[in-house]
There are 2 protein chains.
Amino acid sequence: MSQQRHGSTSGNGARAGAVSAFPDLPEATIARLPEYLRALHNLGEGGADTISSEGLAAAAGVNSAKLRKDLSHLGSYGTRGVGYDVALLIEQIEYVLGLDQRRAVCLVGVGNLGHALAGYDGFASRGFKIVALLDADPAKVGERIHGLIVRHIDELPAVAVEETIAIGVIATPAGAAQAVADELVTAGVTSILNFAPCVLSVPANVDVRKVDLAIELQILSFHEHRKASLTALPGGRSATGAGNQEAVGS
Amino acid sequence: MSQQRHGSTSGNGARAGAVSAFPDLPEATIARLPEYLRALHNLGEGGADTISSEGLAAAAGVNSAKLRKDLSHLGSYGTRGVGYDVALLIEQIEYVLGLDQRRAVCLVGVGNLGHALAGYDGFASRGFKIVALLDADPAKVGERIHGLIVRHIDELPAVAVEETIAIGVIATPAGAAQAVADELVTAGVTSILNFAPCVLSVPANVDVRKVDLAIELQILSFHEHRKASLTALPGGRSATGAGNQEAVGS
DNA sequence: AGGCGCTTGTGAACGCGTGCACAAATCGCG
DNA sequence: CGCGATTTGTGCACGCGTTCACAAGCGCCT
């Protein structure tokens with residue numbers, strides 16, 4: 001877990017001008033904010049003006065008390081007896097997540113997965129812009145993918161100069177991932193999204209999030225296994241259990 | 001490497017024959033087991049025969065005490081003063097995760113992402129087999145992708161009869177996801193991996209895991225935002241912080 | 001203006017997960 | 001055969017996150 005430092009705690013609701021002192025939000029809250037944001041966008045397009053915590057919680061798939069506590073961490077943006085102003089809340093969450101500025105993303109590894117990521121419109125529509133595709137394979141360099149030309153990984157420093165890269169995405173095989181991570185760090189990238197199935201070692205100020213598709217399946221496999229053994233058991237219960245919607249996040 | 005049924009070791013915990021009563025493992029532990037498994041495979045290929053909790057913890061990127069506690073939940077498979085037998089531990093974890101049987105996966109939505117998932121070898125190499133590709137778009141039906149022919153979503157019931165589908169993967173746009181989920185449930189699928197950015201509503205006995213790539217980026221964006229405001233602050237420190245490797249998992 | 005119903009914001013309790021620190025156990029060696 | 005080195009397994013305490021339950025606040029209707 002990244003640990004935050006930041007002394008300050010000056011005023012509180014501050015958030016004046018450009019620089020903002022963050023109330024230290026719990027990690028769990030941060031991981032849920034994007035989900036709230038997505039739900040709010042949906043509701044907004046549906047014409048809703050305000051939304052109650054109950055309604056938003058249902059749309060985001062969480063407990064309403066949890067949602068209220070999460071939102072209370074970023075200040076009081078609700079009205080008792082009425083609910084939350086959808087537009088205002090969207091603005092708030094986007095500000096906290098730093099989405100008011102479109103962040104440049106650099107994607108390394110244009111294989112099977114990287115190719116798909118390069119064309120994923122969810123990135124563009126939610127605050128990000130892929131500014132470079134890189135690969136070590138000379139056969140891939142020069143290829144045009146969704147409007148971008150694949151460049152060689154050695155050009156990373158040059159790319160970093162052209163544009164301030166906020167986030168690097170690693171979609172290479174596991175064997176190449178650590179080397180790529182090192183180069184990204186050298187180029188000044190401080191946030192990495194890693195799709196390679198391996199552990200990355202990075203300096204303390206660099207944040208790494210890992211997504212491993214096979215792991216997700218294996219977790220599901222466990223639950224399948226467990227359910228199968230339960231139904232086969234004497235007291236086996238087949239259709240019980242509490243909530244089961246598990247979402248990714250740390 | 002297919003593995004056969006475990007050679008019994010009838011010595012201690014039940015786990016006899018076909019049906020097994022599970023010690024109820026903490027969810028957090030389950031989410032880490034696949035990571036341990038991956039690290040063990042790496043170590044095994046490296047020729048290691050036994051591994052200490054310290055070594056394995058380093059390879060998996062976790063605390064060694066945590067790892068020992070996790071493993072202790074599945075029984076005592078380590079030897080004090082020596083460490084864990086790599087092969088035995090692999091067998092154990094694969095058994096608990098239900099990977100001793102290759103599970104059939106059905107992938108719905110052969111768009112950008114689905115196309116990549118269909119060709120992702122991490123699935124095949126880690127205990128899963130994609131047995132069907134489905135899509136609602138007639139233009140895509142019949143297309144051959146990585147050796148599989150895309151079939152129409154309406155054929156899902158037929159596919160379910162041909163092969164027992166353990167896990168369904170949804171890689172459709174958000175608007176179609178709920179309908180697909182309903183059809184999967186009707187077809188008897190009890191585990192779903194959802195890549196669509198929306199909340200799915202399913203019966204209580206169905207497990208859903210969600211992977212949202214944009215959310216991962218947004219979480220990183222927050223940390224970027226926070227780091228930026230910290231360095232701009234008077235007492236801002238730039239290169240501090242402890243571990244920061246966050247992994248996906250619920 | 002006053003009361004009523006609704007919704008937010010939060011205090012407090014609970015449970016889970018984590019990490020420390022140490023006892024128990026095993027191996028190797030003299 | 002006994003001792004020390006090493007490593008597992010775990011009791012315990014702490015902190016975080018979740019949930020309940022309720023007081024405080026707001027708007028609307030009469």
Side-chain angles (χ1 to χ4, degrees), chain A residues 1-4 12-13 23-33 35-36 40 43 48-86 88-89 92 242-250, chain B residues 12-13 23-33 35-36 40 43 48-86 88-89 92 219 242-247 249-250:
Chain A
M1 318 299 124
S2 61
Q3 98 212 72
Q4 51 250 54
N12 173 343
D24 45 351
L25 302 175
E27 270 298 313
T29 294
I30 296 160
R32 283 187 295 263
L33 287 181
E35 194 74 39
Y36 301 156
L40 283 166
L43 290 166
D49 203 27
T50 61
I51 181 72
S52 70
S53 66
E54 200 75 40
L56 182 53
V62 301
N63 183 297
S64 70
K66 195 191 305 194
L67 180 134
R68 285 198 299 276
K69 187 154 288 187
D70 282 343
L71 294 186
S72 76
H73 284 135
L74 17 136
S76 282
Y77 294 104
T79 308
R80 293 167 131 102
V82 178
Y84 297 91
D85 182 294
V86 173
L88 177 59
L89 198 49
Q92 271 310 308
N244 51 344
Q245 192 100 349
E246 330 213 3
V248 139
S250 67
Chain B
N12 78 40
D24 44 349
L25 303 174
E27 270 299 313
T29 294
I30 296 161
R32 283 187 294 265
L33 287 181
E35 195 74 41
Y36 301 156
L40 282 167
L43 290 166
D49 202 29
T50 63
I51 181 70
S52 71
S53 67
E54 200 74 40
L56 182 53
V62 302
N63 182 298
S64 70
K66 196 191 307 195
L67 179 133
R68 286 198 299 275
K69 187 156 291 188
D70 283 342
L71 293 186
S72 75
H73 284 135
L74 15 138
S76 283
Y77 294 104
T79 306
R80 293 169 133 107
V82 177
Y84 297 91
D85 182 294
V86 173
L88 176 61
L89 197 51
Q92 270 309 308
I219 295 173
N244 50 345
Q245 192 101 346
E246 328 212 1
S250 62

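Fair warning: this is a prediction, and the values are worked out from it, not measured in the lab. To find a chain, count down the sequence lines: A is the first, B the second, and so on, and within it residues start at 1.
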note: B:L67, atom CG; C:dC20, atom C1'; distance rounded to Å ~ 16 Å
Closest non-hydrogen atoms of A:A57 and A:S64, given as atom of the first, atom of the second and distance, are CB-CA, 3.5 Å
Each nucleotide of nucleotides 25-30 of chain D classed B (base within 4.0 Å of a protein heavy atom), S (only sugar-phosphate) or -, in 5' to 3' order, makes BBS---
Fill in: Test item: A:L33 and A:L74 side chains (from C-beta on) under 4.5 Å apart, heavy atoms
yes
With A:L43 as partner, the option from A:T50, A:L89, A:I51, A:D49 fulfilling side-chain contact (heavy atoms from CB on, under 4.5 Å) is A:I51
Contacts of A:R68 and B:Y84 projected onto DNA chain D by closest heavy atom; the upstream (5') one is B:Y84
Quick note, A:A28 side chain, CB onward, closest among D:dG17, D:dG9, C:dT10 is D:dG17
Here the distance between atom P of D:dT8 and atom CG of B:D85, to the nearest Å, is 13 Å
message = Just N and O in the side chain of A:N63: are any of them under 4.0 Å from OP1 or OP2 of D:dG17?
response = no
Of the candidates D:dT10, D:dT19, D:dT8, the side chain of B:K69 sits closest to D:dT10
The nucleotide from C:dT10, C:dT18, C:dG17 with an atom nearest the side chain of B:R32 is C:dT18
Contacts of A:R68 meeting salt bridge (charged side-chain N to carboxylate O under 4.0 Å, His left out) (sequence neighbours excluded), chain-then-number -> none
Interatomic distance, CG@B:L71 vs CZ@B:R32, rounded to 0.5 Å, equals 10.0 Å
When rounded to whole Å, the CG to P distance for the pair A:L71 and D:dT18 reads 13 Å
Rounded to whole Å, CG of B:L56 lies from C1' of D:dT7 at a distance of 14 Å
Ranking D:dC20, C:dG19, C:dG9 by distance to the side chain of A:A65, first place goes to D:dC20
Separation of D:dT18 atom P from A:H73 atom NE2, nearest Å, is 10 Å
From the candidates C:dG9, D:dT18, C:dT8, the one with an atom nearest any side-chain atom of A:K66 is D:dT18
Under 4.0 Å from OP1 or OP2 of D:dT8: is there any side-chain N or O of B:S53 that close? yes
Between CD of B:E54 and P of C:dG19 the distance, given in whole Å, is 13 Å
Query raised in the report: If you look at every strand shown and take non-hydrogen atoms under 4.0 Å, does A:S76 touch a base, only sugar-phosphate, or nothing?
Result: sugar-phosphate
Shortest non-hydrogen pair, A:Y84 vs A:G78, comes out as CD2-CA, 3.4 Å
Testing the 3.5 Å rule here: is there a donor-acceptor pair between the side chains of A:Y77 and A:D85? no
